[in-house]
Amino acid sequence: MNSEQPTFYQLRPEVEQAYGYAHAVKIGNSIKVSGAVSMDDEGNPTAVGNFLQQMKNCYTDLEKVLKHFNCRFDDVLVENVFTTDMSAFLEHAGHRTTIYTQQFPTGTWLEVKGLALPEFLIEIELEVHCKN
């Protein structure tokens, strides 16, 4: 019987408590990371109307989560991207080469009608395998 207990992590505890989610959960060597969006610590959208900056803000938050678990983007197995503007994502997808420097993860890119707030243009979630 597996006795490993999940470890939950909240990047913005007040926001996550208000909306009812944890930003990440680790069990064993697997980490599931909730979708990151471009928001401040109070949950307000940032970089409104600026797709590339929103993308960068997502990766900044994801990096904070990974660092909490002593992991890196090289440990990411799956990256799922949700966007309200696929053409803008494709225009800026090259930014990902600065994030994933050894190999790209598997994943899915989906254009959606909307995200949690209308100002959000992109949301990125991860699945990670990290031995730390």
Side-chain angles (χ1 to χ4, degrees):
M1 182 172 191
N2 189 340
S3 63
E4 295 178 329
Q5 294 296 313
T7 301
F8 293 87
Y9 174 69
Q10 292 184 315
L11 181 63
R12 294 181 178 91
E14 291 181 16
V15 173
E16 293 167 39
Q17 186 64 33
Y19 285 101
Y21 73 100
H23 207 78
V25 62
K26 179 179 183 193
I27 187 162
N29 294 331
S30 296
I31 305 167
K32 305 278 189 187
V33 184
S34 293
V37 293
S38 182
M39 72 167 68
D40 64 19
D41 288 339
E42 287 74 44
N44 300 308
T46 58
V48 174
N50 185 333
F51 192 94
L52 180 58
Q53 189 59 54
Q54 283 199 21
M55 177 187 263
K56 289 178 179 181
N57 294 347
C58 291
Y59 284 117
T60 296
D61 280 356
L62 292 168
E63 184 175 35
K64 290 175 187 175
V65 174
L66 293 173
K67 283 184 177 182
H68 172 80
F69 291 109
N70 297 314
C71 299
R72 304 170 305 149
F73 280 106
D74 292 330
D75 298 313
V76 174
L77 299 178
V78 180
E79 176 196 73
N80 293 319
V81 175
F82 306 91
T83 179
T84 58
D85 188 344
M86 185 60 72
S87 62
F89 173 72
L90 294 173
E91 178 183 342
H92 298 294
H95 174 70
R96 296 170 66 251
T97 62
T98 67
I99 305 299
Y100 299 104
T101 59
Q102 295 193 10
Q103 76 279 327
F104 288 106
T106 67
T108 301
W109 299 346
L110 292 172
E111 184 172 73
V112 296
K113 180 179 176 181
L115 295 167
L117 295 175
E119 295 88 354
F120 296 145
L121 303 174
I122 184 169
E123 183 169 339
I124 304 170
E125 69 178 15
L126 304 176
E127 292 184 29
V128 184
H129 180 80
C130 187
K131 295 183 180 181
N132 297 322

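The model shown is predicted, which means the values in this text are computed figures rather than measured ones. Note that these values count all heavy atoms, side chains included, but never hydrogens, waters or copies made by symmetry.
Note: the hydrophobic cluster containing Val48 does not contain Tyr59 (ILVMFWY, side chain heavy atoms under 4.5 Å, direct or indirect links). Tracing side-chain contacts under 4.5 Å through hydrophobic residues (I, L, V, M, F, W, Y), one never reaches Met39 starting from Leu62; they form parts of separate clusters. Linking ILVMFWY side-chain heavy atoms closer than 4.5 Å, directly or via other members, places Phe8 and Ile31 in two distinct hydrophobic clusters. Hydrophobic clustering keeps Phe82 apart from Val33 (ILVMFWY residues linked when any side-chain heavy atoms are closer than 4.5 Å, directly or through intermediates). Connection of Leu126 to Val112 is not established within any shared hydrophobic cluster, with ILVMFWY side chains joined at heavy-atom distances below 4.5 Å, either directly or through further cluster members.
A 6.0 Å sphere centred on OH of Tyr21 holds more than 12 heavy atoms belonging to other residues, nucleotides or ligands.
Separating the CD atom in Glu16 from the CD atom in Gln10 is a distance of 5.0 Å, to the nearest 0.5 Å. In this structure, CG on Leu77 lies 12.0 Å from CD on Glu79, to the nearest 0.5 angstrom. Atom CH2 of Trp109 is separated from atom CZ of Phe89 by 4.5 Å, given to the nearest 0.5 angstrom. To the nearest 0.5 Å, atom OH of residue Tyr9 and atom NZ of residue Lys64 are 8.0 Å apart. Residue Phe69 holds its CZ atom at 9.5 Å from SG of Cys130, rounded to the nearest 0.5 Å. Atoms CE and CG, on Met55 and Leu121 in that order, are 10.5 Å from each other to the nearest 0.5 Å.
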| Full working for side-chain contact (heavy atoms from CB on, under 4.5 Å) between Phe104 and Val76 | CA-CA 8 Å; Phe104 288 106; Val76 174; over 6 Å; no
| task | Given side-chain contact (heavy atoms from CB on, under 4.5 Å), test Thr46 with Asn44 step by step and report yes or no. | result | CA-CA 6 Å; Thr46 58; Asn44 300 308; 5.8 Å; no
| field | Residue pair Asn80, Leu110: steps toward the side-chain contact (heavy atoms from CB on, under 4.5 Å) verdict | value | CA-CA 8 Å; Asn80 293 319; Leu110 292 172; over 6 Å; no
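Between the side chains of Ser87 and Asp85, at least one donor N or O sits under 3.5 Å from an acceptor N or O.
Across every non-hydrogen atom of Leu115 and Phe120, the tightest pair is CD1-O, 3.6 Å. Nearest heavy atom pair, residue Gly43 against residue Leu117, reads O-CD1, 4.1 Å. The two residues Ile122 and Val37 make their nearest non-hydrogen contact at O-CG1, 3.7 Å. Smallest separation of non-hydrogen atoms from Gly107 and Val78: CA-CG1, 4.2 Å.
The backbone N or O of Asp74 sits nowhere less than 3.5 Å from a side-chain atom of Gln102 that would complete a donor-acceptor pair. Within the 3.5 Å criterion, the main-chain N or O of His23 finds no donor-acceptor partner in the side chain of Arg12. Here the side chain of Glu14 pairs no donor or acceptor atom with the backbone of Glu42 at under 3.5 angstrom.
You'll find the side chain of Arg72 stays beyond 4.5 Å of the side chain of Leu66, heavy atoms only. Here the side chains of Thr108 and Val81 are not in contact, with every heavy-atom distance at 4.5 Å or above. Counting heavy atoms from C-beta outward, Phe51 and Glu91 have side chains that stay 4.5 Å or more apart.
The side-chain contact (heavy atoms from CB on, under 4.5 Å) test with Ser38 is passed by exactly one of Glu119, Glu123, Gln53, Gln54: Gln54.
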